[in-house]
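Just so it is clear, the values below take in all heavy atoms, side chains as well, and ignore hydrogens, waters and symmetry mates. As the structure is a computational prediction, the values presented were derived from the model and not from experiment. Residues take their numbers from the sequence shown, with the count starting at 1.
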Amino acid sequence: MKPTIVGIDHLVLRTDNLEAMLVFYCDVLGCEIVRDEREQLGLVQLQAGSELIDLLLIGSEMGKLGGGAPTQYNNNLDHFCLRLRPISPQALCRYLRQRGIEVPNFERRNGAEGFGDSIYIKDPDGNTVELKSALQ
């Protein structure tokens, strides 16, 4: 029987900049720490809606398996998209700019729920995060 994908369970971002990543994902984007195993595993799990974002310390045993730290030219992935509750582009831009995040223009892009306006921003390690509101 062919499997059926129902969504993304989690993604793992390797980092050597944990505190800045926690500020970005928790304080700016509203994720919550649901598991803190940085001493044992070098891992902190964040709740992002119904999915998880794992932050893996590069210096940990598991983190060393993936190589060096991400850079502007050697990122962990191209980008990932976070679906947001409805928010106007103006309100989202204002919120992000108040937190010192560079905000480009919104563009219409396709995603899991069809076309909608989204923006690409960078986290502290240079990973590209697409933010897409349910407001079409």
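- No continuous path of ILVMFWY side-chain contacts below 4.5 Å connects Val12 to Phe80, so the two sit in separate hydrophobic clusters.
- One distance of note links CD1 of Ile121 with SG of Cys93; it measures 10.0 Å at 0.5 Å rounding.
- No side-chain heavy atom of Tyr95 sits less than 4.5 Å from a side-chain heavy atom of Ile87.
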* Asked: Checking side chain to side chain contact (heavy atoms under 4.5 Å, CB included) for the pair Ile119/Leu92: CA distance, chi angles, key distance, verdict?
  -> CA-CA 10 Å; Ile119 56 170; Leu92 180 58; 4.2 Å; yes
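- Two residues are said to be in side-chain contact when any heavy atoms from C-beta on lie closer than 4.5 Å; Glu37 and Val44 fail this criterion.
- Pairing each heavy atom of Gly59 with each of Lys64, the nearest pair is O-CE, 3.0 Å.
- Between the OG atom in Ser50 and the CZ atom in Arg83 there is a gap of 8.0 Å [rounded to 0.5 Å].
- Inter-residue side-chain proximity for Leu22 and Leu55 is flagged as met; some heavy-atom pair is nearer than 4.5 Å.
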* Asked: Checking side chain to side chain contact (heavy atoms under 4.5 Å, CB included) for the pair Ile33/Cys26: CA distance, chi angles, key distance, verdict?
  -> CA-CA 8 Å; Ile33 296 173; Cys26 294; 4.0 Å; yes
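- With Glu61 contributing its side chain and Gly63 its backbone, the two residues share no donor-acceptor pair below 3.5 Å.
- Linking Ile, Leu, Val, Met, Phe, Trp and Tyr whenever their side-chain heavy atoms come within less than 4.5 Å leaves Val129 and Leu52 in two separate clusters.
- Closest heavy-atom contact between Leu46 and Cys31: CB-CB, 4.0 Å.
- In the hydrophobic clustering of ILVMFWY residues, with side-chain heavy atoms under 4.5 Å counting as a link, Leu96 and Leu82 come out together.
- Here the closest heavy-atom approach between residue Pro86 and residue Ser133 is recorded as CA-OG, 3.3 Å.
- When side chains are defined from C-beta on, Asp36 does not count as touching Leu43, because their heavy atoms never get closer than 4.5 Å.
- Partners of Glu107 according to the salt bridge (charged side-chain N to carboxylate O under 4.0 Å, His left out) rule, which considers only residues two or more places apart in sequence or in another chain, are Arg109.
- Screening Val28, Asn17, Leu18 against Pro124 for a side chain to side chain contact (heavy atoms under 4.5 Å, CB included) leaves a single residue, Asn17.
- Asp123 places a side-chain N or O within donor-acceptor distance of the main-chain N or O of Asp125, the cut-off being under 3.5 Å.
- Pro104 and Tyr120 make their closest contact through CG-O, 3.1 Å (heavy atoms, listed as atom of the first residue, atom of the second, distance).
- Taken to the nearest 0.5 Å, the CD atom of Gln45 stands 4.0 Å off from the CG atom of Asp54.
- Applying the side-chain hydrogen bond (donor to acceptor under 3.5 Å, both in side chains) test to Glu19 and every residue at least two apart in sequence or in another chain returns Arg38.
- Glu130 and His79 share a donor-acceptor pair across their side chains, judged by distance under 3.5 Å alone.
- How far CG of Leu29 is from CG of Leu131: 6.0 Å, rounded to the nearest 0.5 Å.
- Within a 6.0 Å radius of CG in Asn105, other residues, nucleotides and ligands contribute 12 heavy atoms or fewer.
- Under the side-chain hydrogen bond (donor to acceptor under 3.5 Å, both in side chains) criterion, Asp16 pairs with no residue at all, not counting sequence neighbours.
- Within the model, atoms OG of Ser88 and CD of Gln90 stand 4.5 Å from one another, a figure rounded to the nearest 0.5 Å.
- Counting all heavy atoms, side chain and backbone alike, Lys132 lies closest to Cys81 at CB-SG, 3.8 Å.
- A heavy-atom distance below 4.5 Å is found between the side chains of Thr128 and Lys122.
- Surrounding CD of Gln98 are more than 12 heavy atoms belonging to other residues, nucleotides or ligands, all under 6.0 Å away.
- A continuous path of hydrophobic side-chain contacts links Leu11 to Met21 [ILVMFWY only; heavy atoms under 4.5 Å].
- Annotation for Glu102: atom CD does not count as buried by contact number, only 12 or fewer foreign heavy atoms lying within 6.0 Å.
- Met62 contributes atom CE, which lies 11.0 Å from atom CZ of Arg14 (distance to the nearest 0.5 angstrom).
- Nearest heavy-atom pair across Val103 and Arg97 is O-NH2, 3.7 Å.
- Grouping the Ile, Leu, Val, Met, Phe, Trp and Tyr side chains by contacts below 4.5 angstrom, directly or via other members, places Leu56 apart from Ile58.
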